Enquirer: 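Please read through the structure below; I'll follow up with questions.
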Amino acid sequence: MSLRGRVALVTGAASGIGAATARVLAGDGAKVVVADIDQQGEAVAKEIVAAGGEAVFHRVDVRRRDEVQAAVAAAESTFGHLDTVIANAGTVGGPAVARRLEDLDEQRWTAILDINLAGTIRTFAAAVPALRRAGGGAMSATASIAGLTGVAGQAAYSASKGGIVAVVRALAFELVTDGIRVNCVCPGGVATNLLANTDVLPVLTAQAQAQAEAASASASAGPAGGPGPQALMNRAADPVEVARVHRFLVSDEASLVNGQAVVCDAGSSVANLWMVIDR
């Protein structure tokens with residue numbers, strides 16, 4: 001799957017899914033702008049260059065429209081054009097995430113929406129004129145199964161990711177005559193530092209295990225008992241697995257894929273394994 005000749009802007013690329021995506025795209029020949037508020041993104045860009053790829057780091061805070069626009073300008077000035085965008089920057093809102101809505105202070109939930117949803121909108125809005133100048137291209141965002149199913153205890157995060165799905169669907173229709181495709185990936189639990197430093201995974205993992213055990217017991221009664229654990233991969237994703245889905249969506253291999261929320265959650269949403277938290 002060659003991406004030679006492509007120029008990609010990846011936000012939230014200092015770690016996790018973003019860093020993995022920057023590496024995967026560069027590995028397939030794309031020139032990459034590694035964009036993040038975290039200076040660690042510079043190390044990711046240097047790693048790509050050391051491996052024989054082309055990449056530069058550009059510091060960007062997706063809460064600031066001017067900084068996102070500057071990142072787009074940097075892609076055009078450095079590599080000549082921009083035709084590929086991965087809007088990946090995001091947050092779960094801090095270490096104590098799994099909580100009732102009434103216990104979530106306004107500063108935290110507005111920050112979640114500002115970074116996840118508004119940050120994606122700012123990224124796409126800044127990039128679209130550049131993609132038009134390039135004659136078209138593809139954009140993909142990191143949403144979540146939380147944006148499709150909702151996750152109890154994560155109302156603000158679920159809303160931010162559901163908003164991304166809606167934006168992607170709207171833009172796919174809006175930009176079709178410009179030759180710009182827009183999609184998003186919806187992962188489940190992903191083994192990143194973003195979640196490792198929160199209370200989300202321990203709570204959700206305990207619930208997943210409990211529900212898997214219940215499903216296993218009911219499966220012995222036959223198909224009516226619902227999917228047992230054999231129907232699920234029952235594990236968190238490696239960031240590179242999600243990165244490969246982004247790569248597909250922005251590649252010519254996905255020429256007919258537009259306006260889609262592609263689920264890549266190891267099967268967890270099949271049995272609603274990530275939808276309940278301890279109350």
Side-chain angles (χ1 to χ4, degrees), residues 1-13 16-35 53 55 62 72 75 81-90 116-117 119-121 123-128 130-132 134-148 160-188 190 192 237-267 269:
M1 191 180 296
S2 176
L3 295 176
R4 294 195 180 280
R6 301 285 289 273
V7 177
L9 169 66
V10 184
T11 66
I17 295 170
T21 302
R23 296 186 188 104
V24 166
L25 298 183
D28 280 342
K31 301 172 183 178
V32 181
V33 176
V34 177
V62 296
V72 170
H81 70 279
L82 176 66
D83 55 25
T84 305
V85 177
I86 308 293
N88 171 75
N116 295 358
L117 177 55
T120 296
I121 293 172
T123 301
F124 283 168
V128 165
L131 268 65
R132 286 198 183 106
M139 304 193 295
S140 183
T142 301
S144 169
I145 59 168
L148 300 175
S160 71
K161 295 301 186 175
I164 289 173
V165 174
V167 167
V168 160
R169 289 172 174 163
L171 287 181
F173 184 76
E174 181 177 321
L175 300 175
V176 66
T177 57
D178 295 303
I180 300 172
R181 294 185 300 104
V182 191
N183 294 286
C184 62
V185 300
C186 294
V190 183
T192 66
D238 186 293
V240 74
E241 294 178 293
V242 181
R244 290 170 185 150
V245 182
H246 274 306
R247 173 183 61 185
F248 169 70
L249 290 175
V250 299
S251 75
D252 292 338
E253 300 292 323
S255 57
L256 286 179
V257 184
N258 197 18
Q260 301 303 306
V262 179
V263 174
C264 49
D265 68 349
S269 58

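Model, not experiment: these values are computed from the prediction.
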Enquirer: What's the verdict on side chain to side chain contact (heavy atoms under 4.5 Å, CB included) for Cys186 and Asp265, showing C-alpha distance, side-chain angles and the deciding distance?
Expert: CA-CA 7 Å; Cys186 294; Asp265 68 349; over 6 Å; no
Enquirer: Looking at every heavy atom in both Ser140 and Cys184, which two are closest together, and how far apart are they?
Expert: OG-CA, 4.1 Å
Enquirer: Side chains of Val128 and Arg132: does their closest heavy-atom pair fall under 4.5 Å?
Expert: yes
Enquirer: Measure the CG-CZ distance between Asn183 and Arg169 for me, rounded to the nearest 0.5 Å.
Expert: 10.5 Å
Enquirer: To the nearest 0.5 Å, what is the distance between CE (Met139) and CG (Asn258)?
Expert: 9.5 Å
Enquirer: Keeping Thr11 on the side-chain end and Ala89 on the backbone end, is there a donor-acceptor pair under 3.5 Å?
Expert: yes
Enquirer: Which atom names give the shortest non-hydrogen contact between Ile164 and Ala141, and what distance separates them?
Expert: CG2-CB, 3.7 Å
Enquirer: What's the spacing between Glu253 CD and Ser2 OG if we round to 0.5 Å?
Expert: 10.0 Å
Enquirer: Just how far is it from atom OG1 of Thr21 to atom CZ of Arg244, taken to the nearest 0.5 Å?
Expert: 11.0 Å
Enquirer: Could you list the residues that satisfy side-chain contact (heavy atoms from CB on, under 4.5 Å) with Ser160, not counting sequence neighbours?
Expert: Ile112, Leu113, Asn116, Leu117, Tyr157
Enquirer: Let's go through Val250 and Leu25 carefully: what are the C-alpha distance in whole Å and the side-chain angles of both, what is the deciding distance for side chain to side chain contact (heavy atoms under 4.5 Å, CB included) to 0.1 Å, and is it a yes or a no?
Expert: CA-CA 10 Å; Val250 299; Leu25 298 183; 4.2 Å; yes
Enquirer: Grab the two heavy atoms, one from Pro187 and one from Ile17, that are nearest each other, plus how far apart they are.
Expert: CG-CD1, 4.4 Å
Enquirer: So which atom in Gly136 and which in Ile180 form the shortest heavy-atom distance, rounded to 0.1 Å?
Expert: CA-CG1, 4.1 Å
Enquirer: Looking only at atom types and distance, does a side-chain atom of Asp83 sit under 3.5 Å from a main-chain N or O of Leu131, one as donor and one as acceptor?
Expert: no
Enquirer: Between Gln260 and Val257, which heavy-atom pair has the shortest distance, and what is it?
Expert: CG-CG1, 3.9 Å
Enquirer: Would you compute the distance between atom CZ of Arg247 and atom CZ of Arg23 and round it to the nearest 0.5 angstrom?
Expert: 14.0 Å
Enquirer: Which heavy-atom pair separates Ala134 from Leu82 by the least distance, and what is that distance?
Expert: CB-O, 3.4 Å
Enquirer: Is the backbone of Ser251 close enough, under 3.5 Å, to the side chain of Arg181 for a donor and an acceptor to pair up by distance?
Expert: yes
Enquirer: Give, for atom CG of Leu171 and atom CD1 of Ile121, the distance between the pair rounded to the nearest 0.5 Å.
Expert: 8.5 Å
Enquirer: For Thr142, enumerate each residue passing the side-chain hydrogen bond (donor to acceptor under 3.5 Å, both in side chains) test, keeping only those at least two apart in sequence or located in another chain.
Expert: Asn88, His246
